[in-house]
Participant: 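Below: one structure in structure tokens.
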There are 2 protein chains.
Amino acid sequence: MDEDLKHRSFYPLSVDCVIFGFADNKLNVALIQRKKEPFKNHWAIPGGFIEESETLEQGAQRELLEETNIKDVFLEQVHIFSKPNRDPRGRVISCAFYALVNPKAFNILAGQDASHVKWWPINKLPKLAFDHKLIFDTSLEKLRQSIRIKPIGFELLEEKFTLTEFQKLYEAILDKKIDKRNFRKKAAKMEFIKDSNEITSGKKARPAKLYLFDPVIYKKHSQNGFYFDL
Amino acid sequence: MDEDLKHRSFYPLSVDCVIFGFADNKLNVALIQRKKEPFKNHWAIPGGFIEESETLEQGAQRELLEETNIKDVFLEQVHIFSKPNRDPRGRVISCAFYALVNPKAFNILAGQDASHVKWWPINKLPKLAFDHKLIFDTSLEKLRQSIRIKPIGFELLEEKFTLTEFQKLYEAILDKKIDKRNFRKKAAKMEFIKDSNEITSGKKARPAKLYLFDPVIYKKHSQNGFYFDL
DNA sequence: TCAAAAGTGTTTACCATACACCCATGT
DNA sequence: ACATGGGTGTATGGTAAACACTTTTGA
């Protein structure tokens, strides 16, 4: 290592992942119950320390897999939390991410440091360890902003989805009712939402058309800025 | 320090500040010329290492003052850059910020590690050290998004400003022409832009009304989400 | 035949856009 | 008087918002 670096202060660096999942028309978050002190038995956002040769993104994916059995999902940086006393063990600087997950695609399992993992509806969270309430609030706010600018909503749905599912997702994230007919008119104008020519089956009601997201068409349109005004 | 922490990997952590300033109807960035290796004589985004008892935000403000003589300005986190080999001296993880500055309020001065500081128009930057081109591009993109969601534009102007200045600022940041009459109609509808009942003087043309930003009124309006559609 | 969710059009009010001339001041 | 930037209104087209009934399926 360079001489210049040797005289600097060094810090342990962690990542914390707010895992959002959409199920039963609700937005949920996966939390773990801690096995160890500090905050033993408290619920917490999964996370852990960065290792020597990985980026923060790689570290976050690794921790996600180790702690919850969730693999290879969409991640976005939210914010760094750096208050010197935010962790009672000593100074830990943490980078928050949110992860977007289709909950049906994974069977969440508690890893070594956790006694349980569980999906919680975002409006009924338990008391959280450390400054994780702040991390959660910041992440949800960031999600609400990003969902209007980028097509991240599709990460929370199945590959093929109905317009009703799509609408309920936006209603859950933005926490407001949206008019069905107006929503569909806007969706129809988004050319990157394509009819898959398939329909649902096995439901107790009229089948619905299934749609797909086309990332190539999206890229073209998003060049000049884009705003999902819903 | 806690036993648990002792066994972790530790990293030097730095901040880099992309300093935006608005002058002569142009958006500029303050860069420093490095005195030392690596990248000796290259132009770079000012920044430095975090100390033991400061947050990243405090560290960024300190570095800004030490390296450029800019003090106590608006700062926003942009992104963390964590590729293990991004710094040839060894692993350095860096958090990028942008700073918004009214250039008339400061006389920028080179600190110890720099031979010069200089404002550069954003479309005529020199070759930059490290991964600072990537950091700059990411920061500009973030600024372009944030300026539509939050009233950060006012940080780049004087306390009292004319509507023409306000318009030129948006044109510079978004890099597009905006119709004067339509812009003014929209500005008139923003209740947090208040007439100061003063006018400019000493110009070679008709004096202009001066306006003020009212943060209290803004807070009220921004609760339900906000989008500067210009 | 009933329950459950899918699907569909019209009207109204507002807002974005495009566009060109007169006004107040300093020199 | 002229150069410089400040300031203003209208017509048009498009889109957001509000609103209720019919259709298709499974039970």
Side-chain angles (χ1 to χ4, degrees), chain A residues 22-26 147-149 157-158 160-172 174-212 221 224-230, chain B residues 22-26 147-149 157-158 160-172 174-212 221 224-230:
Chain A
F22 180 67
D24 303 323
N25 293 341
K26 284 207 201 70
I147 196 123
R148 293 176 167 285
I149 302 177
L157 298 171
E158 315 258 358
K160 292 170 187 163
F161 52 87
T162 68
L163 289 184
T164 301
E165 286 162 0
F166 191 45
Q167 178 181 344
K168 295 295 174 191
L169 172 64
Y170 271 78
E171 292 185 341
L174 300 176
D175 190 27
K176 68 172 188 184
K177 284 253 161 290
I178 302 174
D179 179 85
K180 183 163 59 160
R181 278 175 287 187
N182 293 336
F183 184 88
R184 281 160 185 255
K185 268 181 277 179
K186 284 173 202 166
K189 260 179 254 156
M190 299 178 188
E191 300 176 33
F192 49 86
I193 299 180
K194 294 199 314 186
D195 193 333
S196 74
N197 297 315
E198 293 177 53
I199 54 169
T200 56
S201 61
K203 300 276 171 61
K204 333 172 179 200
R206 177 174 174 176
K209 282 191 184 175
L210 285 166
Y211 292 83
L212 281 167
H221 284 248
N224 351 324
F226 194 84
Y227 192 73
F228 286 76
D229 192 358
L230 296 175
Chain B
F22 180 67
D24 304 322
N25 294 340
K26 282 208 200 68
I147 196 126
R148 293 175 167 287
I149 302 177
L157 299 170
E158 315 258 0
K160 292 171 186 162
F161 51 87
T162 68
L163 289 184
T164 301
E165 286 163 0
F166 191 46
Q167 178 180 344
K168 294 296 175 191
L169 171 64
Y170 270 79
E171 291 186 343
L174 300 176
D175 190 28
K176 67 171 188 184
K177 285 253 162 291
I178 302 175
D179 179 87
K180 183 163 59 161
R181 278 175 287 188
N182 294 334
F183 184 88
R184 281 159 186 255
K185 269 181 278 179
K186 283 172 203 167
K189 258 179 255 157
M190 299 178 188
E191 301 176 32
F192 47 86
I193 298 180
K194 295 200 312 187
D195 194 333
S196 75
N197 297 316
E198 293 176 55
I199 55 168
T200 56
S201 61
K203 299 279 171 59
K204 336 172 174 192
R206 177 175 175 175
K209 281 192 184 175
L210 285 166
Y211 291 83
L212 281 167
H221 285 250
N224 351 325
F226 194 83
Y227 193 72
F228 286 77
D229 193 357
L230 297 173

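Order of the sequence lines fixes the chain letters, A, B, ..., with proteins taken first and strands second; residue numbering starts at 1 for each chain.
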Participant: Checking A/K26 now: which residues fulfil side chain to side chain contact (heavy atoms under 4.5 Å, CB included) with it, not counting sequence neighbours?
Facilitator: A/N28, A/P121
Participant: Just checking A/K209: base, sugar-phosphate only, or nothing, at a heavy-atom cut-off of under 4.0 Å?
Facilitator: sugar-phosphate
Participant: Using a heavy-atom distance cut-off of less than 4.0 Å, which residues of residues 196-208 of chain A contact DNA chain D?
Facilitator: A/K203, A/K204, A/A205, A/R206, A/P207
Participant: Under the side-chain hydrogen bond (donor to acceptor under 3.5 Å, both in side chains) test, which residues partner A/K185, sequence neighbours left out?
Facilitator: A/N182
Participant: If a pair satisfies salt bridge (Lys or Arg N to Asp or Glu O under 4.0 Å) and one of its residues is in residues 201-211 of chain B, list it, with sequence neighbours excluded.
Facilitator: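 Checked against salt bridge (Lys or Arg N to Asp or Glu O under 4.0 Å) - neighbours excluded - the pairs reaching residues 201-211 of chain B are B/D195-B/K209.
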Participant: A/F22: what forms a ring-ring contact (aromatic ring centres under 6.0 Å, His included) with it, not counting sequence neighbours?
Facilitator: none
Participant: NZ of B/K180 versus P of C/dA20: gap in Å, rounded?
Facilitator: 13 Å
Participant: List the residues meeting ring-ring contact (aromatic ring centres under 6.0 Å, His included) with A/Y211, not counting sequence neighbours, and say none if there are none.
Facilitator: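 Testing A/Y211 for ring-ring contact (aromatic ring centres under 6.0 Å, His included), a comparison that skips the adjacent residues, returns none.
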Participant: What is the distance, rounded to the nearest whole Å, between atom CZ of A/F183 and atom P of C/dA6?
Facilitator: 12 Å
Participant: Which residues satisfy the side chain to side chain contact (heavy atoms under 4.5 Å, CB included) test with A/D175, sequence neighbours excluded?
Facilitator: A/R144
Participant: Could you state the CG-C1' distance from A/N25 to C/dA5, rounded to the nearest angstrom?
Facilitator: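 The answer, rounded to whole Å, is 12 Å.
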Participant: Closest-nucleotide mapping onto DNA chain C: is A/D179 or B/R181 further toward the 5' terminus? I mean the 5' end.
Facilitator: A/D179
Participant: Applying side-chain hydrogen bond (donor to acceptor under 3.5 Å, both in side chains), name anything that partners A/R148, two or more places apart in sequence or on another chain.
Facilitator: none
Participant: Parallel, tilted or perpendicular: which describes the rings of B/F166 and B/F161, with under 30° parallel and over 60° perpendicular?
Facilitator: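 Aromatic pair B/F166/B/F161 classed tilted.
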Participant: Identify all pairs in which a protein N or O lies below 3.5 Å from an N or O of nucleotides 10-14 of chain C, and state each distance.
Facilitator:
unit_1	atom_1	unit_2	atom_2	d
C/dT10	O4	A/K185	NZ	2.8

Participant: Please give, in whole Å, the distance from C/dA16 P to B/Y227 OH?
Facilitator: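 Interatomic distance, OH of B/Y227 to P of C/dA16: 12 Å.
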Participant: Check this for me, if you would: do A/E171 and A/K168 make a salt bridge, where the nitrogen-to-carboxylate-oxygen distance has to be below 4.0 angstrom?
Facilitator: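 So A/E171 pairs with A/K168 through a salt bridge.
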Participant: Partners of B/K176 by side-chain hydrogen bond (donor to acceptor under 3.5 Å, both in side chains), sequence neighbours excluded?
Facilitator: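 side-chain hydrogen bond (donor to acceptor under 3.5 Å, both in side chains) check on B/K176 returns nothing, list empty.
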Participant: With a 4.0 Å cut-off on heavy atoms, is B/K168 in touch with a base, just the backbone sugar-phosphate, or nothing at all?
Facilitator: nothing
Participant: Using the test side chain to side chain contact (heavy atoms under 4.5 Å, CB included), find all partners of A/E158 that sit at least two apart in sequence or belong to another chain.
Facilitator: A/N102, A/K104
Participant: Identify the 5'-most and 3'-most nucleotides of DNA chain D with at least one atom closer than 4.0 Å to a non-hydrogen atom of chain B.
Facilitator: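 In short, chain B contacts DNA chain D from D/dT4 to D/dT10.
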Participant: What nucleotide, of C/dA20, C/dT8, C/dT17, holds the atom closest to the side chain of B/K186?
Facilitator: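 Closest nucleotide to the B/K186 side chain: C/dT17.
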Participant: Taking CD1 from B/I178 and P from C/dA16, how many angstroms apart are they, rounded to a whole number?
Facilitator: 13 Å
Participant: Regarding B/T162, tell me which of base, sugar-phosphate or nothing describes its non-hydrogen contacts under 4.0 Å with the strands shown.
Facilitator: nothing
